[in-house]
Each structure stands twice: as C-alpha cells, then as structure tokens.
Amino acid sequence: DRDMSLVYSGTRIFGTVKRTDLDEPVSGEFGIMVVNLFNAGGDHIHEAGTNSAGQYQFTNLDQATYYVSTRNDDGFHSLINEFWNNQQCQDNYDPFGNSATPVTVTTDNTTIANFELDPGYTISGTISFEGSLSPDGYVHIWNGAGDLVTTAWNDGGGGWSTEILPVDDYYATARGE
C-alpha cells in the first residue's frame with residue numbers, strides 16, 4: 001500500500017458548502033446542491049454540483065474576477081441561497097442586484113470560496129373567496145418592517161407556496177376571485 005495525495009496545479013475556485021444548523025456538508029448526491037459561476041459582467045457561465053463532502057470546484061479558469069452563488073432545491077435541503085461571503089439572496093442569478101462580493105482568481109492559484117447556508121422555511125396556504133377555492137390570485141408576503149419580501153402565485157386550485165425564506169416574522173395579504 002502507498003499513500004497518495006493528488007495536488008491540483010492550475011487556476012481554480014474551490015470550496016465547501018455547509019449547513020449552519022447542523023455544521024454538516026451539503027451534498028448534491030441527494031437533492032440539488034450546485035454552485036453557480038458568473039463572469040465579471042454578471043453572465044452565468046458554469047455550475048458545479050457538490051460531492052458527498054459538500055465540495056465543489058471550477059477548474060482551468062482565467063485570471064479574472066468572478067461571482068459565485070449557491071442553488072439548492074426548495075424541498076430537500078431547504079436552505080437560504082447565498083452569494084459568496086455570506087450574502088443571502090432571493091435571486092441567485094443576479095450578482096449585481098444582490099450586491100455580491102467578487103471572487104478574484106490569480107493564475108496558478110486556488111481561490112477558496114466556502115459557503116455556510118442557513119435553513120429556511122416556506123409559507124403556504126390556500127386562497128378562497130366566499131367559501132370556494134379561488135382558481136387565480138396571489139399572496140404578498142411582507143416582513144415586520146412592512147417591506148414586500150415575495151409574491152406567491154396561485155397554483156390554479158387555490159393553493160400557494162413561497163420559495164425558501166429566512167426565519168422571521170411575516171405577514172400575508174391575498175388577492176383572488
């Protein structure tokens with residue numbers, strides 16, 4: 001037997017995605033857990049899934065500035081997506097709208113960009129009008145400061161559900177027929 005160690009030589013971004021509540025890696029082997037890569041102009045150029053240890057990497061990169069964000073399925077992991085440097089985001093495809101911190105990559109170096117994702121929750125319910133489920137409509141979700149957080153659209157049968165939201169106090173207003 002021989003001990004082996006593989007060393008990557010080249011330019012890459014490497015990191016680990018973990019849950020803050022359990023301090024465990026988030027694996028893409030069960031449910032969706034990917035990291036998105038954007039160029040300096042904000043264009044989505046690649047994505048990489050996490051392995052069983054929660055690790056991802058983008059290899060053979062040019063020396064440049066990039067942005068990275070997470071994307072997980074709402075139902076399995078139920079985590080708040082982020083851009084690198086602990087910046088929660090509702091739209092993980094908009095580095096500029098989320099004031100994302102850039103990741104600078106230099107030639108023949110590994111740049112580390114780790115994520116620690118907070119758990120989140122969905123709010124769901126039904127819209128009814130005069131005792132019958134409403135076939136259309138929407139629900140606005142507001143935070144305690146009175147800011148609109150998201151809109152959940154009716155599924156056609158009266159049901160609605162939000163995307164994953166951080167733990168907070170929320171208020172809902174509904175419109176339907």
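With hydrogens and angles disregarded, no donor-acceptor distance shorter than 3.5 Å links the side chain of Thr11 to the backbone of Asp62. Looking only at distances, a side-chain donor or acceptor of His77 sits under 3.5 Å from a matching main-chain atom of Ser27. When atom types are taken as modelled, the side chain of Ser69 and the backbone of Asn36 share no donor-acceptor pair closer than 3.5 angstrom. Under a 3.5 Å cut-off, the side chain of Gln87 and the backbone N or O of Ser99 do form a donor-acceptor pair. Proximity of a side-chain donor or acceptor of Asp168 to a complementary backbone N or O of Asn143 within less than 3.5 Å is not detected.
In this structure Tyr121 satisfies the ring pair (Phe, Tyr, Trp, His ring centres under 6.0 Å) test with no other residue, sequence neighbours excluded. Here Glu116 pairs with nothing under the salt bridge (charged side-chain N to carboxylate O under 4.0 Å, His left out) rule; sequence neighbours left out. Residues satisfying the salt bridge (charged side-chain N to carboxylate O under 4.0 Å, His left out) criterion with Arg19, sequence neighbours excluded, are Asp21. Every residue two or more places apart in sequence or in another chain that forms a ring pair (Phe, Tyr, Trp, His ring centres under 6.0 Å) with Tyr56 is listed here: Phe58. The salt bridge (charged side-chain N to carboxylate O under 4.0 Å, His left out) search around Asp23 returns Lys18, not counting sequence neighbours.
Note: Ile112 CD1 to Thr16 OG1 = 7.5 Å, rounded to the nearest 0.5 Å. If you take CG on Asn85 and OG1 on Thr101, they are separated by 4.0 Å, rounding to the nearest 0.5 Å. Summarising the geometry, atom CG belonging to Asn39 is positioned 13.5 Å from atom NE2 belonging to His46; distances are rounded to the nearest 0.5 Å. To the nearest 0.5 Å, the span separating OG1 on Thr126 from CG on Asn154 amounts to 9.5 Å. Note that CG of Leu117 is 11.5 Å distant from CD1 of Ile164, once rounded to the nearest 0.5 Å. Within the model, atoms CD of Glu163 and CD1 of Ile141 stand 9.0 Å from one another, a figure rounded to the nearest 0.5 Å.
A side-chain N or O of Arg12 and one of Thr110 form a donor-acceptor pair less than 3.5 Å apart. A donor and an acceptor atom, one from each side chain of Gln63 and Thr107, are located under 3.5 Å apart.
Residue pairs that meet the salt bridge (charged side-chain N to carboxylate O under 4.0 Å, His left out) test with at least one member in residues 35-52, sequence neighbours left out, are Glu47-Arg71.
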Check step by step if side chain to side chain contact (heavy atoms under 4.5 Å, CB included) holds for Leu61 and Leu37. CA-CA 11 Å; Leu61 298 174; Leu37 180 66; 3.8 Å; yes
Asn72 and Asn81: CA distance, side-chain angles, deciding distance, side chain to side chain contact (heavy atoms under 4.5 Å, CB included) verdict: CA-CA 7 Å; Asn72 71 93; Asn81 287 313; 2.9 Å; yes
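Checking Phe38, Tyr67, Tyr66 one by one against His44, the ring-ring contact (aromatic ring centres under 6.0 Å, His included) holds for a single residue, Phe38.
The minimum heavy-atom distance between Thr106 and Thr111, with the atom names listed, is N-OG1, 4.5 Å. Closest of all the heavy-atom pairs between Leu165 and Ile80 is C-CD1, 3.3 Å. Closest heavy-atom contact between Gly158 and Leu133: CA-CB, 4.4 Å. In this structure, Pro25 and Ala53 approach most closely via the heavy-atom pair CB-O, 3.1 Å. Shortest non-hydrogen contact noted between Gly42 and Pro95 is CA-CG, 3.8 Å. Closest of all the heavy-atom pairs between Gly15 and Asn114 is CA-OD1, 3.3 Å.
For the pair Val68/Phe115, a side-chain contact is recorded, criterion being any heavy-atom separation below 4.5 Å from C-beta on.
Cluster membership check: Trp142 does not share its hydrophobic cluster with Trp160, using side-chain heavy-atom separations under 4.5 Å among Ile, Leu, Val, Met, Phe, Trp and Tyr. Phe83 and Phe96 fall within a single hydrophobic cluster, where Ile, Leu, Val, Met, Phe, Trp and Tyr side chains are chained together by heavy-atom contacts under 4.5 Å. Put simply, Val17 and Phe14 are part of two different groups of oily side chains (I, L, V, M, F, W, Y) that touch within less than 4.5 Å, one to the next. A continuous path of Ile, Leu, Val, Met, Phe, Trp and Tyr side chains, each step under 4.5 Å between heavy atoms, connects Ile123 with Val149, placing both in one hydrophobic cluster.
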